[in-house]
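Read through the structure below, which is laid out as structure tokens, and then see the notes.
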Number of protein chains: 2
Amino acid sequence: MATGRNHRPATTRSRGIPEATVARLPLYLRALTALSERSVPTVSSEELAAAAGVNSAKLRKDFSYLGSYGTRGVGYDVEYLVYQISRELGLTQDWPVVIVGIGNLGAALANYGGFASRGFRVAALIDADPSLTGRLVAGIEVQHTDGLEQIIDESGVSIGVIATPAGSAQQVCDRLVAAGITSILNFAPTVLSVPDGVDVRKVDLSIELQILAFHEQRKAGEEAPEEEETAPPAAPPAAAVSKRPEPGSDGDRPAVMPA
Amino acid sequence: MATGRNHRPATTRSRGIPEATVARLPLYLRALTALSERSVPTVSSEELAAAAGVNSAKLRKDFSYLGSYGTRGVGYDVEYLVYQISRELGLTQDWPVVIVGIGNLGAALANYGGFASRGFRVAALIDADPSLTGRLVAGIEVQHTDGLEQIIDESGVSIGVIATPAGSAQQVCDRLVAAGITSILNFAPTVLSVPDGVDVRKVDLSIELQILAFHEQRKAGEEAPEEEETAPPAAPPAAAVSKRPEPGSDGDRPAVMPA
DNA sequence: TAGATTGTTAATCGATTAACAATC
DNA sequence: TAGATTGTTAATCGATTAACAATC
């Protein structure tokens with residue numbers, strides 16, 4: 001079906017919200033919450049877009065997927081929009097979350113205030129290290145991995161956070177999924193494979209830094225006439241040598257990584 | 001200068017690599033490093049794509065922006081490609097990093113192994129809390145914010161990590177930028193404003209969870225015929241009431257957030 | 001040579017944005 | 001009514017992907 005509803009365009013209403021839009025809704029919500037706390041009654045797309053750091057046309061387009069929640073000539077009612085976005089994101093209900101891997105990072109996550117603030121609640125902490133079992137982190141008792149399935153079952157969580165080392169992440173993931181978890185936030189630097197129907201989002205510090213390094217390098221090389229590498233690389237491997245189609249390109253194309 | 005090189009298609013070489021491609025290079029690099037550790041000599045786009053969790057056509061297209069580093073009928077030389085991607089990302093050099101805000105998260109980041117592993121080095125830890133000054137975290141002495149400018153100057157860092165509370169993030173950011181930092185990784189849940197030429201990437205746990213919640217909610221409502229909210233919302237604000245153009249749509253459009 | 005696999009083309013899809021009619 | 005601002009259109013841009021000629 002193409003449309004299906006006659007009022008609000010239904011296709012774009014109860015489904016079909018673009019991922020890019022979904023990813024921005026939390027940003028809008030945060031800006032709106034700040035306005036709400038300052039008791040600002042209404043806000044224009046221009047103002048809100050500035051606060052969220054996006055283009056105002058983009059914001060209006062994003063909101064158009066949710067419905068017509070603004071008033072022409074006036075703007076958006078802050079409280080009303082906070083509720084609508086919260087509802088769209090599923091934040092009007094409580095989301096119990098389990099954190100697996102209570103190392104430095106896991107503990108930091110458990111203590112993170114923003115966790116609890118918006119409908120998320122740390123329901124359980126799990127770690128494979130027996131010496132951690134029973135210890136309190138953020139006021140919650142750490143439980144041993146052995147009981148993972150039962151813990152998930154009893155606490156009714158559907159969102160799992162993986163903060164284990166990379167080596168155990170897939171195994172933990174498999175167990176979480178088998179136990180009924182359908183959304184995973186992965187902090188371990190691994191690609192997780194999951195069955196259809198399970199959502200995985202990843203947060204990867206190392207990747208973010210590498211992306212920054214890429215741009216940083218570009219900045220540094222922008223003015224400098226030449227951006228030659230300092231350490232001269234070793235000899236290229238056979239396969240690499242064999243494909244040098246164009247002449248005069250040897251100077252700046254080192255071959256193999258020093259280490 | 002715009003291009004400046006004459007061999008490899010210069011436009012796509014020293015600039016013009018799409019952001020989406022740049023963001024995937026670290027992923028490829030990680031998969032390649034794993035292969036390298038297993039002493040695998042060559043890999044096909046199909047195999048590597050599977051390991052990185054992407055489409056093989058996409059991978060080949062990505063690599064085509066870097067140059068012709070493969071061999072038709074054979075595949076890619078693992079070591080050679082590791083080096084080329086490392087070089088492209090700027091990882092053949094060392095990137096000193098300063099972390100500001102040594103709370104739970106900052107400490108976790110300082111201790112994070114993946115940090116050091118790929119060319120990044122924690123050069124300094126900074127916190128505003130005087131009681132932390134001089135304390136060792138991950139073997140590095142925490143220094144007080146007062147000396148921020150001098151610390152940056154002396155350590156020559158160009159990448160800053162902000163792990164402070166949201167309230168101080170912009171101020172810290174401003175000081176980092178003024179001190180010469182041009183790349184920032186922001187863990188504080190705020191939109192940072194920076195001058196042109198400064199790159200900001202953000203990692204936001206709360207946003208990731210909200211995106212998961214959105215999809216989780218959709219899954220839950222998929223089978224159920226109606227996905228009505230449990231708590232009936234209070235009366236809508238005036239502005240909201242005024243815009244209900246279409247009839248028969250009241251049922252599924254509650255009005256105002258309870259809290 | 002025959003088989004394999006890259007690098008590239010071109011079609012498709014999704015996201016962004018300016019512009020403006022609708023309308024408060 | 002006049003001014004302001006939304007919601008939507010349409011143009012543009014960038015990213016993805018299948019397909020295949022080039023070529024090892």
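Labels below follow one simple rule: chain letters A, B, ... track the order of the sequence lines, proteins then strands, and each chain is numbered from 1. Here the structure is a predicted model, which is why all the values come from computation and not from measurement.
In this structure, of D/dT6, C/dA15, D/dT16, it is D/dT6 that holds the atom nearest to the side chain of A/Ser45. Here C/dT6 is the nucleotide among D/dT5, C/dT6, C/dC20 with the atom lying nearest to any side-chain atom of B/Arg60. Which of C/dT23, D/dA15, D/dA18 sits closest to the side chain of A/Arg72 comes down to C/dT23.
Judged by closest nucleotide on DNA chain C, B/Ser44 is the one of B/Lys61 and B/Ser44 placed further toward the 5' end. The residue among B/Phe63 and A/Pro18 whose nearest nucleotide of DNA chain C lies closer to the 5′ end is B/Phe63.
To the nearest 0.5 angstrom, A/Thr21 atom OG1 is 3.5 Å from A/Asp62 atom CG.
Within the shown strands, D/dA4 is the pairing partner of C/dT23 under the Watson-Crick or G-U definition, both distances less than 3.5 Å. Pairing partner, D/dG14: C/dC13, with both Watson-Crick or wobble hydrogen-bond distances short of 3.5 Å.
A/Ala57 comes within contact range of at least one nucleobase, with a heavy-atom separation under 4.0 Å. Within the 4.0 angstrom heavy-atom criterion, only backbone atoms of the sugar-phosphate kind lie near B/Tyr76; the bases stay farther away.
Rounded to whole Å, the distance from NZ on A/Lys58 to C1' on D/dC13 is 12 Å. As a whole-Å value, the separation of B/Tyr65 OH from D/dG14 P is 11 Å. Counting to the nearest Å, the C1' atom of D/dG7 and the CG atom of A/Asp62 are 13 Å from each other. Between the CG atom of B/Leu81 and the C1' atom of C/dT5 there is a distance of 15 Å, given to the nearest Å. In this structure, B/Arg24 places its CZ atom 15 Å from P of D/dG14, rounding to the nearest Å. Here the P atom of nucleotide C/dA19 and the CG atom of A/Asn55 are 12 Å apart, to the nearest Å. A/Glu46 has its CD atom 15 Å from the C1' atom of D/dG7, to the nearest Å. In this structure, the OH atom of A/Tyr69 is 12 Å from the P atom of D/dT8, given to the nearest Å.
Put simply, the residue from A/Arg24, A/Arg201, A/Arg30 that forms a salt bridge (Lys or Arg N to Asp or Glu O under 4.0 Å) with B/Asp204 is A/Arg30.
A donor-acceptor contact shorter than 3.5 Å links the side chain of B/Thr33 to the backbone of B/Leu29. A donor-acceptor pair under 3.5 Å is formed between the side chain of B/Gln170 and the backbone N or O of B/Ser193.
Under 4.0 Å is where a charged nitrogen must lie from a carboxylate oxygen, and between B/Arg218 and A/Asp199 no such pair does.
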